[in-house]
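Below is one structure, written out as C-alpha cells; comments come after it.
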Amino acid sequence: MKLIFEKSVPGSALSILPACDVPEVELDPKLLRTNAPALPELSETELSRHYTQLCQRVYGVNCGLYPLGSCTMKYNPRIDEEMAALPGFTEIHPLAPAHSAKGCQEVLALAAQYLCEIAGMDEMTFQPAAGAHGEFTGVLLIKQYHDERGDKARTKIIVPDSAHGTNPATAAMCGYEVVNIASDQQGCVDLDSLKAALGPDTAGLMLTNPNTVGLFDPNILEITRLVHEWVTCVPVIWALTAST
C-alpha cells in the first residue's frame, strides 16, 4: 500500500471545509511561514479511499483470534461496555465531590470486595488505569515493602524476555536494575536462567502470564517457589486492569 505522500499529485485539491463565515484577520508577518507546508495533494475521493484502505488493514478482536497475552491487548466484554455507558456513570464528572458520587463509590467498593475474595488478596486499588500503570504500582509496593524492612540489598528486578514490553522501563523508573532472562524453546521462562539470576539482591520478578506471545507458563508454581526461596514474604501483586 502506498503512503499518502506517494499518492499525492501536484494540483489536486478538495473542498470539504465550509466557506468561512467570520471576518478574516491579518496576522503579523513575523508569525507567518516563509515556506508552504509539505502536505500531500489529493482529491476528496482519493483521500477517503486512502483512509478506508488503512482501516481495512487493522486487525482486531472483531476480525478473528487475538492470542496476544498482554493485558493492554485484551478487551472488555460487551456487557461491561454497556454498563460503563449507563447515564449514572457517563454523566459523572471526574472531579465531582465525593458526596455527589455515592452510587459510583458503592459500585467500586463492592467490585473491590468481590475481586479480593476471588483472588485471595487483602486489598486492591482501582487507581491504575492500564497495565503499565498496574505494574508500576506493583513494583512501587514491592519497593516500599523492602524499604520498610530496611532491606536495601534488594536492587534488582528480574524480567523475562517474554514479559510485557513496559516491564524493563517500569523497573528502571522505580530505581531498580533490570536483569533480563531468556525464554526456553517453548517460549516460556527458562528455569535454569531464572535460578542463575536469583540471589540476595533480587527484589522481585515481573512476569506476564499468559506471556506476550499468548502462552500460559506451565511452570508458574515452580517459578513462584524459586523466587520465594530468595525473596521471602514478598507480597503477591496482581494487576487487574481494563483495556486501553
Side-chain angles (χ1 to χ4, degrees), residues 67-74 111-128 130-243:
L68 202 59
S70 301
C71 48
T72 49
M73 298 301 176
K74 296 187 178 76
Q113 177 185 335
Y114 287 164
L115 288 172
C116 285
E117 290 178 2
I118 293 170
M121 299 293 167
D122 297 319
E123 191 55 81
M124 68 156 294
T125 174
F126 284 110
Q127 187 63 31
H133 294 185
E135 68 187 50
F136 183 70
T137 302
V139 175
L140 285 179
L141 288 170
I142 289 176
K143 184 177 180 65
Q144 183 68 23
Y145 171 79
H146 291 311
D147 288 347
E148 286 190 0
R149 296 171 67 243
D151 195 348
K152 302 297 183 181
R154 307 285 181 177
T155 59
K156 297 179 180 179
I157 290 285
I158 299 173
V159 180
D161 63 4
S162 61
H164 196 290
T166 58
N167 286 179
T170 292
M173 289 175 65
C174 293
Y176 285 112
E177 179 183 343
V178 178
V179 178
N180 183 261
I181 58 174
S183 300
D184 59 19
Q185 293 183 343
Q186 286 71 44
C188 296
V189 174
D190 184 89
L191 294 181
D192 290 334
S193 297
L194 175 60
K195 293 175 184 177
L198 287 166
D201 56 358
T202 301
L205 166 74
M206 299 184 73
L207 180 68
T208 303
N209 198 33
N211 61 27
T212 305
V213 294
L215 299 175
F216 185 90
D217 200 312
N219 297 315
I220 184 63
L221 294 180
E222 177 63 10
I223 292 169
T224 303
R225 186 189 68 79
L226 290 171
V227 174
H228 283 179
E229 282 185 353
W230 284 101
V231 191
T232 308
C233 299
V234 168
V236 178
I237 300 165
W238 290 356
L240 302 174
T241 56
S243 62

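What you see is a predicted model; the values in this text were computed from it and never measured. Computed from heavy atoms alone, side chains included, the values below leave out hydrogens, waters and symmetry copies.
- Only one option out of Asp217, Asn209, Asn211 pairs with Ser162 in a side chain to side chain contact (heavy atoms under 4.5 Å, CB included); it is Asn211.
- Residues Val227 and Leu198 meet the side-chain proximity criterion, which asks for heavy atoms closer than 4.5 Å.
- Applying the side-chain hydrogen bond (donor to acceptor under 3.5 Å, both in side chains) test to every pair with at least one member in residues 174-187, sequence neighbours left out, gives these pairs: Asp161-Ser183.
- Here the closest heavy-atom approach between residue Cys174 and residue Leu140 is recorded as SG-CD2, 3.7 Å.
- The distance from the CG atom of Leu115 to the CD atom of Glu117 is 9.5 Å, given to the nearest 0.5 Å.
- Heavy atoms only, all atoms of each residue included: Thr125 and Thr137 are closest at CG2-CG2, 4.5 Å.
- Side chains of Trp230 and Leu205 form no contact here, defined as non-hydrogen atoms less than 4.5 Å apart.
- Rounding to the nearest 0.5 Å places OG1 of Thr202 at 4.0 Å from CD1 of Ile158.
- Panel note: side chain Arg154, backbone Asp201; no donor-acceptor pair is recorded below 3.5 Å.
- Across Leu191, Asn219, Val189, Leu221, a single residue satisfies side chain to side chain contact (heavy atoms under 4.5 Å, CB included) together with Leu226, and that is Leu191.
- Residue Met206 is tested with Asn167, Thr166, Val178 for a side chain to side chain contact (heavy atoms under 4.5 Å, CB included); the sole match is Asn167.
- When every heavy atom of Asp190 is checked against every heavy atom of Ala182, the shortest pair comes out as CB-O, 3.4 Å.
- In this structure, Ser193 and Ile181 approach most closely via the heavy-atom pair O-CG2, 3.8 Å.
- Closest approach of Ala111 and Phe126 over heavy atoms only: CB-CZ, 3.8 Å.
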Thr170 and Val159: CA distance, side-chain angles, deciding distance, side-chain contact (heavy atoms from CB on, under 4.5 Å) verdict: CA-CA 10 Å; Thr170 292; Val159 180; over 6 Å; no

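- Gln127 is linked by a side-chain hydrogen bond (donor to acceptor under 3.5 Å, both in side chains) to nothing, counting only residues two or more places apart in sequence or in another chain.
- Annotation for Val179 and Ala197: closest pair CG1-CB, 4.0 Å, computed over non-hydrogen atoms.
- With sequence neighbours left out, the salt bridge (Lys or Arg N to Asp or Glu O under 4.0 Å) criterion links Lys143 to no other residue.
- Val231 places a side-chain heavy atom less than 4.5 Å from the side chain of His146.
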